[in-house]
Protein chains: 2
Amino acid sequence: MAAHTHHAHGDPAAWTDHAARTLAEHGTRSGGARRAVVATLADQDCCASAQEIHERLRAAGRPVGIASVYRSLDLLHGLGLVTRVETGDGVARYEPALPGGEHHHHLVCVRCGGVEAFEDDALERAIHAVGDRVDFDVTAHDVALRGRCRACRAA
Amino acid sequence: MAAHTHHAHGDPAAWTDHAARTLAEHGTRSGGARRAVVATLADQDCCASAQEIHERLRAAGRPVGIASVYRSLDLLHGLGLVTRVETGDGVARYEPALPGGEHHHHLVCVRCGGVEAFEDDALERAIHAVGDRVDFDVTAHDVALRGRCRACRAA
DNA sequence: GCACATTCTGATAACTGTTCTCATTCCCAT
DNA sequence: ATGGGAATGAGAACAGTTATCAGAATGTGC
């Protein structure tokens, strides 16, 4: 899992602004801890767990209580500002959700636990078709493909 | 979540036999606890958590240590005899995996936590197409649609 | 059928990720 | 500036899962 400078979610600043606006509209106050969590989310390439965010903040010299990290993520998720991703190892991961609704899905390596993102229009269309067909008011979906990443395939 | 007599996985006895055979080939001994877990899995309509299986066994007058339930599920999963399903509430659920590879996906109600199953060929095709396109050795996949079930939509 | 090596089992302790509690701090409308 | 209420952080509490270990069950070779 190398660090990337590329952001799969578009301009980080755009999402940060969008998040700040939505939070303000919701009537929340702007505390330092949540602002730090939002900044960390905006700056990440793919999904991160609460503990990873907590650790990243501590490393950046802006320690935030773990409870505040969980609280912030919960609030952001409730407002639709982040997507919760389950990779199957029992930890919840989060990533910024763009207002437009564009999103990606994940490839999870069963060996190293690494996560990569992919997008696929045909897959989205198939999922929406299912949603229309079914007696269920579908509001979200997620897809995880499991297997071995390039590095782990060799090993 | 009403109990159904319909089995989404075909003939329960067929899977039970398949499981027994695979376990024997793998060189495991046949203890009572694991046999009871296999029987419970075979008899269920959709995915169940370890704790649900534990409870079901206790209710049926065949109590099994919770550790044995987890151990059995882990072994069965390792042999590809069960599928692990993540519904997003932090608990792992399991259901029999048929040898042919036929499988379904899940509709998760975000309100009551209920789970329903669905199948869709177009979705499967789209997923396989992604698997071929991507630099990842995909061996499994799962899809969860989230929303409100019929009952919770009204509430 | 019997003895034996091994595996399986179950009670319980330990761990991990997450949520709850509550006293304190901080934000911001007034 | 100040007062009321939300936000924060430390730590306790919790749930699901995994590890440990002594005793019971399995099945193989005789």
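Going from atom CG of A:L57 over to atom P of D:dT8 covers 12 Å, rounded to whole Å. Spacing between atom CG of B:L23 and atom C1' of D:dT26 amounts to 15 Å, rounded to whole angstrom units. Distance B:H26 NE2 to C:dT7 P: 12 Å, rounded to the nearest Å. Here the P atom of nucleotide D:dT8 and the NE2 atom of A:H54 are 13 Å apart, to the nearest Å. Atom CG in B:L73 sits about 15 Å away from atom P in D:dG16, given to the nearest Å.
A heavy atom lying under 4.0 Å from DNA chain C marks none of the residues of residues 74-89 of chain A. Listed by residue number, B:G32, B:A33, B:R34 are the residues of residues 32-40 of chain B with a heavy-atom contact under 4.0 Å to DNA chain C.
No side-chain N or O of A:E116 forms a donor-acceptor pair with one of A:H104 less than 3.5 Å apart.
A donor-acceptor contact shorter than 3.5 Å is absent between the side chain of B:Q51 and the backbone of B:V91. B:T40 places a side-chain N or O within 3.5 Å of a backbone atom of B:A36 that can act as its donor or acceptor partner.
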*May I have the step-by-step check of side chain to side chain donor-acceptor pair (under 3.5 Å) for A:R35 and A:S30, ending in yes or no?*
CA-CA 7 Å; A:R35 229 176 307 123; A:S30 169; 2.9 Å; yes
*asked:* If you apply the rule salt bridge (Lys or Arg N to Asp or Glu O under 4.0 Å), what do you find for A:D43 with A:R56, and how did you get there?
replied: CA-CA 11 Å; A:D43 193 44; A:R56 216 166 286 178; over 6 Å; no
*Show your working on salt bridge (Lys or Arg N to Asp or Glu O under 4.0 Å) between A:D142 and B:R146 and close with a plain yes or no.*
CA-CA 8 Å; A:D142 58 271; B:R146 297 177 205 292; 2.9 Å; yes
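Positionally, the nearest nucleotide of DNA chain D for A:V69 lies more toward the 5' end than for the other of B:R71 and A:V69. Position along DNA chain D of the nearest nucleotide to A:I66 versus A:S72 favours A:S72 as the more 5'-ward residue.
Between A:R29 and D:dG4, a side-chain N or O to OP1/OP2 separation shorter than 4.0 Å is absent. Residue B:Y70 has a polar side-chain atom (N or O) positioned under 4.0 Å from OP1 or OP2 of D:dT17. The shortest distance between the side-chain N/O atoms of A:S68 and the OP1/OP2 oxygens of D:dG9 is below 4.0 Å.
Residue contacts for A:R62: at a heavy-atom cut-off of 4.0 Å it reaches the sugar-phosphate backbone alone, with no base atom in range. Counting non-hydrogen atoms under 4.0 angstrom, A:T28 reaches the backbone sugars and phosphates but no base.
Set against D:dG9, D:dG27, D:dT17, the side chain of B:V91 has D:dT17 as its closest nucleotide. Listed nucleotides: C:dG17, C:dG10, D:dT8. Nearest to the side chain of A:Q51: C:dG17.
The six-membered or imidazole ring of A:H103 lies near that of A:H141, with a centre-to-centre distance under 6.0 Å.
Shown here are the salt bridge (charged side-chain N to carboxylate O under 4.0 Å, His left out) partners of B:D89, two or more places apart in sequence or in another chain: B:R93.
Of the inter-residue distances, the one linking B:C46 atom SG with B:E95 atom CD reads 5.0 Å to the nearest 0.5 angstrom.
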